[in-house]
There are 2 protein chains.
Amino acid sequence: MPASLRSNIERTIQQKITDSDLEKFSAFTFERTFDKKHHLLEEGQLCNYIYFIQEGAAYSYIVDQKGDKHAIQFSLEGYWISDLFSFYSGKEAIYNIETLEPVKVLMLNKENFEKACCSIPMIDRFFRILIQNAYVALQYRLAKTNSEDAEHRYEEFAKKYPDFVQRIPQYLIASYLGIKPQSLSRIRKERTNKK
Amino acid sequence: MPASLRSNIERTIQQKITDSDLEKFSAFTFERTFDKKHHLLEEGQLCNYIYFIQEGAAYSYIVDQKGDKHAIQFSLEGYWISDLFSFYSGKEAIYNIETLEPVKVLMLNKENFEKACCSIPMIDRFFRILIQNAYVALQYRLAKTNSEDAEHRYEEFAKKYPDFVQRIPQYLIASYLGIKPQSLSRIRKERTNKK
DNA sequence: AAAACAGGTTAACATAGGTTAATAAATAAA
DNA sequence: TTTATTTATTAACCTATGTTAACCTGTTTT
């Protein structure tokens, strides 16, 4: 029962979770470690797990026709990551998930996910709120992508996720923002010139 | 108990819903009609409802600093629309929702939403799957926004939502795609030249 | 019917960001 | 430490999309 999981749950549902519920839930998960650059999921596979990052960093991405990667989501310790399309639908994944650093993760498979949601109302509630929040955040991100230029998007990103800027390669942040690494480099240069 | 609601629910949960459950749920909703160009929600208000469109069309949008509108979501009959950020959090809306045609809607307020989810497991399940699907679709849309040019995004949009192309003003489709109306007009011209 | 308005098109020009390619800096491997 | 490999920077040039502004069509309003 890692403290980071408890605080993730309590922050999400905005109330305390009992030790008993947390223990019950933990029993459905198992812990594993992976090296840096390990693929937790590759396009075309079935995504059987959702991952909670206890230590390290990972990200999901899609590869376009040209072969370019586009980062979808970054996850440091205390965040969840998965390909929910594949996980929920049972269809082949269109995204990849790869570690950026050695990670220690908690893994929850589909069967246990269902069991946990059915047997622990707090956990059911937790996952519902988790995805509600994710949806709302994603909608906002898309709205910003469609309404602001790359410079503003980077400013907002750097302000919102200062730790990501430290630990995630710049070319991946660029792709997350929908621009090329050279452009982000240019933006950062102009930015430091201003200040 | 409108047939369009039943089929929306059954398509989403991929199974039949009993008349009894549907009736119970319907009792939590009420029906209203609004004129064309009516604001169902304005930025700064609290979003107290989620709307199911029975007839007509509506859309949500955000206004940027320059005063430009950016369409977030379109809803024709058989679709839901709301500002889930405001609805879930109880905070002030950052989006607007406006009708594009006269509409007949079913409205479900927050209190009844909670009651329906607690008392009708099928409905709880329905809303969970609805938002899961919405999240997955949104993630895909963002991935495409970041990886494809405007022409491809429009092609995909027109193929996926041919009825939207018919009924929704082109300048709103442009803003949904993250471009200016003039650019969409240019894209459509080149497109017809090709064929 | 005239006027006003909303939506769409076109064209000339401007610009943010992409492309290519070379180099440098940082990190990992030998 | 030396050599690879990965990541970041820079610059010259290119292109898709934005900007401005004029015009057109169809639809409300008066």
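The structure presented is a predicted model; accordingly, all values stated were derived computationally and were not measured. Values below: every heavy atom of this structure, side chains too, minus hydrogens, waters and symmetry copies. In what follows, every chain begins at residue 1, and chains take the letters A, B, ... in the order their sequences are listed.
In this structure, R186(A) and Y171(A) both approach DNA chain D, and ranking their closest nucleotides by distance from the 5' end singles out Y171(A).
Checking the phosphate oxygens (OP1, OP2) of dA6(C), no side-chain nitrogen or oxygen of K37(B) falls inside 4.0 Å. Residue K180(A) places at least one side-chain N or O under 4.0 Å from the OP1 or OP2 atom of dT19(C). Contact between the side-chain N/O atoms of K36(A) and the OP1/OP2 oxygens of dT6(D) is not found at any separation under 4.0 Å. Close to dG18(D), at under 4.0 Å from its OP1 or OP2, lies a side-chain N or O of S183(B).
Nucleotide dA16(C) holds its P atom 19 Å from the CD1 atom of I179(B), rounded to whole Å. Between the CD atom of Q182(B) and the C1' atom of dA16(D) there is a distance of 14 Å, rounded to whole Å. Going from atom CZ of R188(B) over to atom C1' of dT9(C) covers 11 Å, rounded to whole Å. Spacing between atom CD of E148(B) and atom P of dT17(D) amounts to 12 Å, rounded to whole angstrom units. L177(A) has its CG atom 11 Å from the P atom of dG18(C), to the nearest Å. In this structure, the CG atom of D149(A) is 16 Å from the P atom of dT17(D), given to the nearest Å. Spacing between atom CG of L100(A) and atom P of dT6(D) amounts to 15 Å, rounded to whole angstrom units. Distance CD1 (I187(B)) to C1' (dT17(D)): 8 Å, rounded to an integer number of Å.
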(message) side-chain contact (heavy atoms from CB on, under 4.5 Å), that's the test. Do I17(A) and F25(A) meet it? Break it down for me.
(response) CA-CA 11 Å; I17(A) 183 167; F25(A) 178 49; 5.9 Å; no
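Of the possible polar contacts, none joining the D124(B) side chain to the C118(B) backbone as a donor-acceptor pair under 3.5 Å is found.
Between the side chains of Q73(B) and S75(B), at least one donor N or O sits under 3.5 Å from an acceptor N or O. Side-chain polar atoms of D149(A) and H152(A) form a donor-acceptor pair below 3.5 angstrom.
By the 6.0 Å and 45° rule, R141(A) stacks over the aromatic ring of Y176(A).
Of the candidates dT10(C), dT17(D), dG17(C), dT17(D) carries the atom nearest the A150(B) side chain, counting heavy atoms from C-beta on.
If you check every strand for non-hydrogen atoms under 4.0 Å, P181(A) touches nothing.
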